[in-house]
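Remember, it's 1-based here, ligands and their atoms both numbered in the order they're listed. If you're wondering where the values come from, they're calculated on a predicted model, not measured in any experiment.
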Amino acid sequence: MFAPKVVHRGILWMQVIIRNNMLSLYVHIPFCVKKCPYCGFYSTPYAIDSADEFIAALRSEAEGYKTEFIDHLFHTVYIGGGTPTALNTRQLGEVLTTVRSCFEISEDAEFTVEANPNTITREHLDVLREKGANRLSLGVQSFSNEVLSTLGRLHTSEEAEQAFYLARSAGFQNIGMDLMYGIPGQTMAQWEDALKTSLVCRPEHVSVYSLSLDDGSLFYQLFEAGNFECPDDDRAAEMYECAISILQGSGYRRYEISNLSLPGFECRHNRNYWDRGEYLGLGPAAWSFISQRRHYNIADTAEYARRIAKGVSPIADSELPGPAQASRETLLLSLRTVEGLDLQQYRNEYGDLFLEQLERNMAPLVSEGLLEVHEGRATLTQRGILLSNEALVRLST
Ligand code: SF4
């Protein structure tokens with residue numbers, strides 16, 4: 001098949017330089033069976049022909065990066081979306097083959113694929129295992145059928161459990177489960193039940209997310225029109241604390257505000273994002289951060305495929321963050337983790353003036369008990385985590 005070389009118009013990389021030698025690959029699969037009303041991620045309804053077009057374009061895009069990345073080893077791969085398992089097994093296999101044939105993936109790489117309980121089959125799982133995926137991220141959200149229906153999810157609680165055990169029986173020893181709280185009508189009993197059911201499954205990783213009103217989602221539109229009511233902040237904080245207490249009581253360690261894992265199963269791919277590490281993103285709407293420059297692809301699958309077929313770059317825009325933006329990003333990302341911000345490293349990277357400004361911003365938060373500094377690291381306190389949005393805004397302005 002003719003595969004045009006993709007021109008990286010607007011970006012001139014003489015040489016790819018990876019700052020801390022940690023490089024990740026993200027592939028955005030832009031298809032879902034149906035749009036969930038809370039979701040702001042870019043996706044479009046699955047159709048076999050448009051998925052084939054997308055896969056051909058993805059292959060060309062990946063091939064266009066081959067030379068630039070020939071000397072670079074990828075330590076994590078994340079196939080996300082969208083719903084990767086909305087693709088049929090042949091298509092999913094082609095995506096993984098493309099990744100493996102175009103890039104050097106380290107032997108011990110973490111290789112994650114996102115899956116939804118309603119689309120996953122044993123055949124999908126076998127293809128994923130065969131092509132070297134070793135981690136599955138399962139979008140469960142809830143084990144209450146009532147809550148799942150509010151969220152517009154296409155699976156039941158029973159199907160979510162079945163999907164989990166199917167993945168286990170297919171050989172996945174590293175499974176992450178996403179759960180959501182702060183949903184209209186969701187009771188504390190339903191939330192506790194979701195957490196306890198997840199403990200029976202015992203995935204290696206659990207993410208607990210508060211429902212957010214993403215721009216562009218149906219829930220956001222309803223909210224703007226005054227027809228949507230979320231639980232208040234106190235209620236959401238209570239649900240968050242309940243989750244942390246139940247999960248920590250069962251051996252999970254919180255390593256980031258919303259993420260907990262059994263020892264040794266932190267998500268290395270996301271860890272790289274929080275460390276402000278570099279990553280190459282492929283597919284429509286995918287972001288990349290390479291050689292300290294950030295760019296993103298056009299969020300339109302048909303246009304993405306058209307551009308690539310014509311040999312035109314799918315990159316919509318790019319930026320080179322200056323020191324002010326870079327230091328702000330480092331601060332906001334690292335304070336989400338339990339290790340927090342290494343102040344000496346921050347000073348080495350951004351200089352005395354930035355550190356002095358940060359220390360001025362930190363002082364009132366420390367006296368209010370939202371932040372603490374211990375052995376040269378700044379971390380959010382438990383109260384700071386509950387008020388993290390406010391704390392992080394105050395710190396970074
Ligand atoms: S939440 Fe997941 S399944 Fe639902 S629309 Fe968004 S990407 Fe698709």
>> In terms of relative ring orientation, are Y46 and F31 parallel, tilted or perpendicular, with 30° and 60° separating the classes?
In response: perpendicular
> In the protein, which heavy atom is nearest to atom 7 (S) of ligand 1, and how far is it?
Replying inline: G82 N, 3.3 Å
> For atom 1 (S) of ligand 1, which protein heavy atom lies nearest, and how many Å away is it?
Replying inline: Y38 OH, 3.4 Å
>> Measuring centre to centre across the rings, with the benzene-like ring taken for any Trp, is Y273 within less than 6.0 Å of Y279?
In response: yes
> Can R153 and Y38 be counted as having a side-chain donor-acceptor contact under 3.5 angstrom?
Replying inline: yes
> Looking at atom 8 (Fe) of ligand 1, what's its closest protein heavy atom, distance included?
Replying inline: C32 SG, 2.3 Å
> Between R394 and L370, is any pair of side-chain heavy atoms under 4.5 Å apart?
Replying inline: yes
> Going by the atom numbers of ligand 1, which of them fall below 4.0 Å from some non-hydrogen atom of R153?
Replying inline: 1 (S), 3 (S), 4 (Fe)
> Counting heavy atoms only, which of I29, N116, D214 comes nearest to atom 3 (S) of ligand 1?
Replying inline: N116
> Looking at the rings of H28 and Y296, which for Trp means the six-membered one, are their centres under 6.0 Å apart?
Replying inline: no
>> Any N/O/S atom, side chain or main chain, of C39 closer to atom 8 (Fe) of ligand 1 than 2.8 Å?
In response: no
> For ligand 1, which atoms, with element, lie under 4.0 Å from some heavy atom of T83?
Replying inline: 3 (S), 8 (Fe)
> To which of P84, G152, C36, S217 does the heavy atom nearest atom 4 (Fe) of ligand 1 belong?
Replying inline: C36
> Hey, are the side chains of Q173 and E204 touching, using non-hydrogen atoms and a 4.5 Å cut-off?
Replying inline: no
